[in-house]
S.K.: 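Structure below; questions to follow.
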Amino acid sequence: MTSLANRISVRERGAPTREEGVVFDLFDKHVNFISGGIVQGAGFIFGLELTTADLIKGIELRASALASTKLYRRFEGSVRLPKVGDEKTHAEIWFSYLRRTEDNFFGIGPLINDESQTNFDLEQRSYNGLFYRNFTDRFQAGVYVRVANSGSFNGENDHDIPMDQLFSGNPNVVPITSWAPGFQTNTKILSYGVYSEYDLRNNEHGLTKGAYLYGRFASADGLAYPNNPVFQDYGWLEGEMDARVYLPLLSDRTSLALRAYSNVHTPKGGSQIPFHDLSFLGGRMYLRGFPTYRFRANNSLLFSGELRQTVWKMSEQRGADLVVFADTGQVWGDNRSQSNPAVLMNKDFDSRNWRAGFGGSLQFRYSKNFALRIEAGASNERTLIYFSFSRGF
């Protein structure tokens with residue numbers, strides 16, 4: 001019988017977005033329990049996946065259904081080619097339906113106060129294609145294309161002011177800072193790009209060691225949508241970078257983990273970016289101590305550091321750890337106006353835009369692929385608790 005640890009694996013696509021999920025084999029690889037797979041803010045995520053695995057030569061079919069404690073849901077069907085020419089080259093095409101019911105929105109810019117907190121509902125259908133190659137066991141690179149049709153509405157969290165009382169999808173709204181491009185309209189975006197990932201992380205003995213580097217470059221353009229007369233001029237170039245290093249301090253029991261992350265959007269000419277596609281900070285992986293998606297703008301920069309200490313070693317891969325951490329970052333960039341002073345204040349990278357959070361975590365490592373972590377993060381605004389099935393960043 002396969003051991004419990006060997007039945008747990010981590011699955012992550014390299015593009016268009018990285019959405020890591022924990023997969024638990026329930027029945028001979030063909031029925032899996034999944035947790036994760038929806039970017040932050042959904043709460044606890046759970047679902048089932050049906051897969052043909054190795055039943056059909058040269059192809060694998062997958063179908064999954066996910067839901068969360070906040071009633072987010074995702075349905076996905078995919079066709080995966082494990083070998084394209086050789087065992088190192090792979091391809092996948094998939095359709096995804098995603099419904100997010102109460103994502104936070106505070107406005108656009110680095111200085112937005114939390115009194116404007118509201119939430120929105122996002123419904124998205126996307127068609128995706130991915131072609132990638134594992135050049136070595138550690139280095140992967142690929143290309144992708146995506147067409148995503150997204151519609152946004154007032155969110156389902158009634159504790160906030162309804163979003164349409166604070167923001168509008170009409171560019172002629174007064175004041176211009178109340179314009180949230182793409183709100184209450186449909187956006188149809190064609191995007192394509194390249195990515196690479198160099199993963200030198202080692203979870204075999206104690207705390208994570210090594211390094212990780214991810215990079216992605218993409219182009220996005222709005223497609224005509226006949227039932228959307230308000231605004232359709234969307235287009236941007238995008239770059240994403242994620243660099244991490246894990247430094248043992250004298251032994252396997254103590255480690256310093258450092259991360260630098262940036263997501264940069266450059267609008268094409270006078271084009272806009274839908275508010276839900278902007279860079280952001282806030283949440284478990286993107287500035288702890290602040291609510292998810294607390295700050296949004298064209299660009300983001302984040303630095304994180306963790307001091308990790310094993311306090312109970314059960315085996316080479318299993319144990320309990322205490323973690324203290326600090327995060328700092330900022331967002332900047334706003335293309336909604338070239339003359340309005342309130343918008344121009346958001347454009348520049350500036351020392352006044354930095355925000356910081358700090359806190360601690362308790363982590364239990366069950367295997368090299370599976371861990372439980374609970375974190376408390378504090379900032380000048382509030383203290384928040386985060387829970388995840390991961391070793392953190």
S.K.: OG/Ser152 to CZ/Arg100 distance, rounded to the nearest 0.5 angstrom?
M.R.: 13.0 Å

S.K.: Could you tell me whether the side chains of Asn128 and Ser126 share a donor-acceptor contact shorter than 3.5 Å?
M.R.: yes

S.K.: Check this for me: does any side-chain nitrogen of one of Glu306 and Arg259 sit under 4.0 Å from a carboxylate oxygen of the other?
M.R.: no

S.K.: Using a strict threshold of under 4.0 Å (side-chain N to carboxylate O), is an ion pair present between Arg216 and Asp242?
M.R.: no

S.K.: Establish, from distance only, whether the side-chain atoms of Gln330 and Ser300 form a donor-acceptor pair under 3.5 Å.
M.R.: no

S.K.: How far does CG of Asn335 sit from CD1 of Ile273, to the nearest 0.5 angstrom?
M.R.: 7.0 Å

S.K.: Take Tyr234 and Ile189, measure what side chain to side chain contact (heavy atoms under 4.5 Å, CB included) needs, and give me the verdict at the end.
M.R.: CA-CA 8 Å; Tyr234 301 107; Ile189 306 294; 3.9 Å; yes

S.K.: Donor-acceptor check, side chain of Asn299 to backbone of His265, threshold 3.5 angstrom: yes or no?
M.R.: yes

S.K.: Quick test of your reading of the model: are Arg382 and Asp114 salt-bridged, counting only N-O distances below 4.0 Å?
M.R.: yes

S.K.: Without swapping roles, check the side chain of Trp179 against the backbone of Gly169 for a donor-acceptor pair under 3.5 Å.
M.R.: yes

S.K.: Answer yes when Asp86 and Arg133 have at least one side-chain N-carboxylate O distance shorter than 4.0 Å, and no when they do not.
M.R.: yes

S.K.: Under 4.0 Å between a Lys/Arg side-chain N and an Asp/Glu carboxylate O for Glu204 and Lys368?
M.R.: yes

S.K.: Test Asn149 against Gln124 for side chain to side chain donor-acceptor pair (under 3.5 Å), laying out the working first.
M.R.: CA-CA 6 Å; Asn149 186 342; Gln124 183 181 85; over 6 Å; no

S.K.: With ring centroids as reference points, do Tyr127 and Phe95 lie under 6.0 angstrom apart?
M.R.: yes

S.K.: So, do Ser219 and Tyr192 sit near enough that their side-chain heavy atoms are less than 4.5 Å apart?
M.R.: yes

S.K.: So, is the end of the Arg318 side chain (NZ or CZ) under 6.0 Å from the ring centre of Tyr366 and within 45° of the ring's axis?
M.R.: yes

S.K.: Apply the test side chain to side chain contact (heavy atoms under 4.5 Å, CB included) to residues Asn134 and His90: give CA-CA distance (whole Å), side-chain angles for both, the deciding distance (0.1 Å), then the verdict.
M.R.: CA-CA 8 Å; Asn134 296 315; His90 322 279; 3.0 Å; yes

S.K.: Can you tell me how far the CD1 atom of Ile112 sits from the CD1 atom of Ile108, to the nearest 0.5 Å?
M.R.: 8.5 Å

S.K.: To the nearest 0.5 Å, what is the distance between CZ (Arg125) and CZ (Phe75)?
M.R.: 11.0 Å

S.K.: Could you label the plane-to-plane angle of the Phe120 and Phe275 rings as parallel, tilted or perpendicular, counting under 30° as parallel and over 60° as perpendicular?
M.R.: perpendicular

S.K.: Check whether NZ of the Lys or CZ of the Arg Arg18 lies under 6.0 Å from the centre of the six-membered ring of Tyr214 and within 45 degrees of that ring's axis.
M.R.: yes

S.K.: With a cut-off of under 6.0 Å to the ring centre and 45° to the axis, is Arg373 in cation-pi contact with Phe387?
M.R.: no

S.K.: Within the 3.5 Å criterion, strictly below it, is a donor on Ser96 or Arg74 matched to an acceptor on the partner's side chain?
M.R.: yes

S.K.: Set out, in order, the CA-CA distance, both residues' side-chain angles and the distance that settles side chain to side chain contact (heavy atoms under 4.5 Å, CB included) for Thr51 and Leu61, then state yes or no.
M.R.: CA-CA 6 Å; Thr51 170; Leu61 307 179; over 6 Å; no

S.K.: Are side-chain heavy atoms of Gln184 and Phe167 found at a separation under 4.5 Å?
M.R.: no

S.K.: Which distance, rounded to the nearest 0.5 Å, do you find between the OG of Ser116 and the CZ of Phe106?
M.R.: 7.0 Å

S.K.: Determine whether Lys347 and Gln338 make a side-chain contact, defined as any pair of heavy atoms from C-beta on separated by less than 4.5 Å.
M.R.: yes

S.K.: Strictly below 4.0 Å, N to O, side chains only: are Asp221 and Lys268 in salt-bridge contact?
M.R.: yes

S.K.: Indicate yes or no for a side-chain donor-acceptor contact from Ser390 to the backbone of Gly392 under 3.5 Å, with no hydrogens or angles considered.
M.R.: yes

S.K.: Let me see the working for Tyr195 and Gln140 under side chain to side chain contact (heavy atoms under 4.5 Å, CB included), right down to the final yes or no.
M.R.: CA-CA 8 Å; Tyr195 80 96; Gln140 179 186 107; 2.7 Å; yes

S.K.: Would the distance check show the side chain of Lys209 and the main-chain N or O of His205 forming a donor-acceptor pair, the cut-off being under 3.5 Å?
M.R.: yes

S.K.: Cation-pi check for Phe290 against Arg355: NZ or CZ below 6.0 Å from the six-membered ring centre and within 45 degrees of the axis, yes or no?
M.R.: no

S.K.: Taking all atoms of both residues into account, what is the closest heavy-atom pair of Pro16 and Trp94, and its distance?
M.R.: CD-CZ2, 3.8 Å

S.K.: Looking at Phe131, I'd like to know if the NZ or CZ of Arg80 sits under 6.0 Å from its six-membered ring centre while staying within 45 degrees of the ring's axis.
M.R.: no

S.K.: Going by heavy atoms in the side chains, are Gln363 and Arg391 under 4.5 Å from each other?
M.R.: yes

S.K.: Taking the side chain from Asn104 and the backbone from Thr292, do they hold a donor-acceptor pair closer than 3.5 Å?
M.R.: yes

S.K.: Roughly how far, to the nearest 0.5 Å, is the CG atom of Asn154 from the CG atom of Asp164?
M.R.: 4.0 Å

S.K.: Between Phe139 and Tyr198, how do the two ring planes meet: parallel, tilted or perpendicular, split at 30° and 60°?
M.R.: perpendicular

S.K.: Okay, side chain of Asp334, backbone of Arg336: is any donor-acceptor separation there less than 3.5 Å?
M.R.: yes

S.K.: We want to know whether Thr208 and Asn203 form a side-chain donor-acceptor pair, criterion being a heavy-atom distance below 3.5 angstrom.
M.R.: yes

S.K.: Under 4.0 Å between a side-chain nitrogen and a carboxylate oxygen: does that hold for Asp327 and Arg288?
M.R.: yes

S.K.: Any donor-acceptor pair under 3.5 Å linking the side chain of Thr101 with the backbone of Lys70?
M.R.: yes

S.K.: Looking only at the side chains, is there a donor atom on one of Ser361 and Glu375 sitting less than 3.5 Å from an acceptor on the other?
M.R.: yes

S.K.: Treating His276 as the side-chain partner and Ser150 as the backbone partner, does any N or O pair qualify as donor plus acceptor under 3.5 Å?
M.R.: no

S.K.: What residues form a ring pair (Phe, Tyr, Trp, His ring centres under 6.0 Å) with Tyr286, not counting sequence neighbours?
M.R.: Tyr261, Phe280

S.K.: Determine, step by step, whether Asp321 and Thr310 satisfy the side chain to side chain donor-acceptor pair (under 3.5 Å) criterion, reporting the C-alpha distance in whole Å, the side-chain angles of both residues, the deciding distance to 0.1 Å, and the verdict.
M.R.: CA-CA 4 Å; Asp321 313 309; Thr310 299; 2.9 Å; yes

S.K.: Minimum heavy-atom separation for Phe231 and Pro171, please, with both atom names.
M.R.: CD1-CG, 3.9 Å

S.K.: Where the side chain of Asn346 meets the backbone of Val331, is there a donor-acceptor pair that is under 3.5 Å apart?
M.R.: no

S.K.: May I ask you to check whether over 12 heavy atoms, not counting those of Lys188, lie within 6.0 Å of atom NZ?
M.R.: no

S.K.: Looking at the rings of Tyr293 and Phe105, which for Trp means the six-membered one, are their centres under 6.0 Å apart?
M.R.: no

S.K.: Between Glu92 and Arg13, is there a side-chain N and carboxylate O pair less than 4.0 Å apart?
M.R.: yes

S.K.: Checking the side chain of Thr52 only, and the main-chain atoms of Ile56 only, is there a donor and an acceptor separated by less than 3.5 Å?
M.R.: no

S.K.: In this structure, is the centre-to-centre distance between the rings of Trp332 and Phe295 below 6.0 Å?
M.R.: no

S.K.: Does the pair Ser315 and Gln317 meet the rule for a side chain to side chain donor-acceptor pair (under 3.5 Å), with working shown?
M.R.: CA-CA 5 Å; Ser315 68; Gln317 296 178 357; over 6 Å; no

